[in-house]
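This report refers to the structure that appears directly beneath it.
For ligands, and for the atoms within them, numbers begin at 1 and follow the listed sequence.
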Amino acid sequence: MTSTAAATAVDPIAERAAVAVAHPNIALVKYWGKRDEAMFLPVTGSLSMTLDIYPTTTTVRLIEGSADTVVLNGHTAIGQAHTRVVRFLDMIRARAGRAEHALVDSTNAGPTGAGLASSASGFAALATAAAAVYGLDADARTLSRLARRGSGSASRSIFGGFAVWHAGEGDGEAGDLSSYAEAIEGDALDPALVVAVVDHGAKAVSSREAMRRTCATSPLYRPWADSSAADLDEMRKAIARNDLPAVGEIAERNALGMHASMLAARPAIRYLSPQSIAVLDRVLALRAEGVAAYATIDAGPNVTVLCARADAQRVAAALVELGDFVAPTVAHLGPGAALVTGRER
Ligand code: 2P0
């Protein structure tokens with residue numbers, strides 16, 4: 001648009017923008033599998049820790065153009081990455097009864113698409129900024145449900161600290177209303193997560209495709225999902241009683257079980273690399289040395305090690321000794337998604 005005052009007065013929305021920041025989360029009880037693909041309704045509930053590293057900053061600016069423009073990490077997005085954002089904006093616009101297109105500019109401080117939850121921080125930030133700029137009056141629960149429709153795990157990044165994403169009940173609209181994340185108490189646990197990045201590259205099979213294939217073909221999927229429901233109950237109790245070894249044990253078995261279910265998919269999905277296994281071995285050795293350290297792995301080769309805050313540097317140093325293929329970063333509990341600017345620029 002032109003920058004004249006007259007033009008602004010005629011079309012004030014053209015100057016509106018909102019900026020939001022959100023952080024990734026790492027699930028200690030994983031989300032793996034949808035019961036309703038269209039609504040992003042999970043088969044099981046999950047529980048995560050929002051981190052204080054690798055934020056995503058997203059600006060949504062209303063524009064006069066006839067299409068949305070999406071810029072990710074400084075590059076104009078095309079294809080699937082563009083379509084995912086446009087579909088998300090379409091959902092927000094439909095709810096808000098608005099039609100204006102937007103320029104979305106999003107930057108990840110951490111690696112993108114490498115199994116370090118960039119889609120979680122990305123859609124949590126996008127939901128927060130887009131809801132604001134399109135005038136949706138959304139509380140945190142509603143934002144969580146909206147973020148879920150961009151990427152399931154994003155529902156949890158709306159909240160800081162520990163969050164539980166409820167599977168909810170039913171499909172379609174009923175499921176949509178009942179499937180949201182909420183914060184749970186757990187700050188006293190104050191754990192560290194040592195993020196062992198062994199590969200910055202984007203993964204070969206997207207987590208979306210991998211979870212679809214696992215659900216559809218893996219004979220180990222149902223047993224994992226059943227055990228995960230029990231893990232969630234136990235995990236909540238372990239966090240409530242501030243029991244780090246129990247939290248770690250449950251997280252590690254839940255993640256390894258998820259990877260086992262993927263390995264049994266047809267064809268198999270194997271995200272674990274020799275470097276991932278080397279980190280897993282080192283974590284076992286640390287435990288033998290008396291350090292309460294436990295591994296979790298998302299849809300990628302990078303391993304995240306849960307431990308007490310006081311042990312984080314020792315754990316990180318042990319991983320560095322493995323060789324220069326691993327670059328550990330220490331994270332702690334981080335904040336929920338937040339608006340940086342309001343609706344009006
Ligand atoms: C999680 N992951 O709970 C699990 C564990 C990866 C492994 O959520 O299809 O990007 O967009 O809902 O959220 C990654 O999957 O998948 C994920 P969609 P998402 O964090």
Can we say [X] and [Y] salt-bridge, meaning some charged N sits less than 4.0 Å from an Asp/Glu carboxylate O?
| X | Y | result |
| --- | --- | --- |
| Asp231 | Arg253 | yes |
| Arg95 | Asp176 | yes |
| Lys237 | Asp233 | no |

Taking side-chain contact (heavy atoms from CB on, under 4.5 Å) as the definition, give me every residue that meets it alongside Ala338, ordered by chain and number, with sequence neighbours left out.
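Residues passing side-chain contact (heavy atoms from CB on, under 4.5 Å) with Ala338: none at all.
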Check each protein residue for a heavy atom under 4.0 Å from ligand 1 and list those that pass, ordered by chain and number.
Ala27, Lys30, Tyr31, Trp32, Lys34, Phe40, Arg84, Ser119, Ser151, Gly152, Ser153, Arg156, Ser207, Arg208, Met211, Met258, Asp298, Ala299
For Tyr180, does the six-membered ring have the charged nitrogen or CZ of Arg141 within the cation-pi criterion, i.e. under 6.0 angstrom from the centroid and within 45° of the normal?
yes
Stepwise side-chain hydrogen bond (donor to acceptor under 3.5 Å, both in side chains) check, Thr59 with Asp105:
CA-CA 5 Å; Thr59 303; Asp105 189 345; 5.9 Å; no
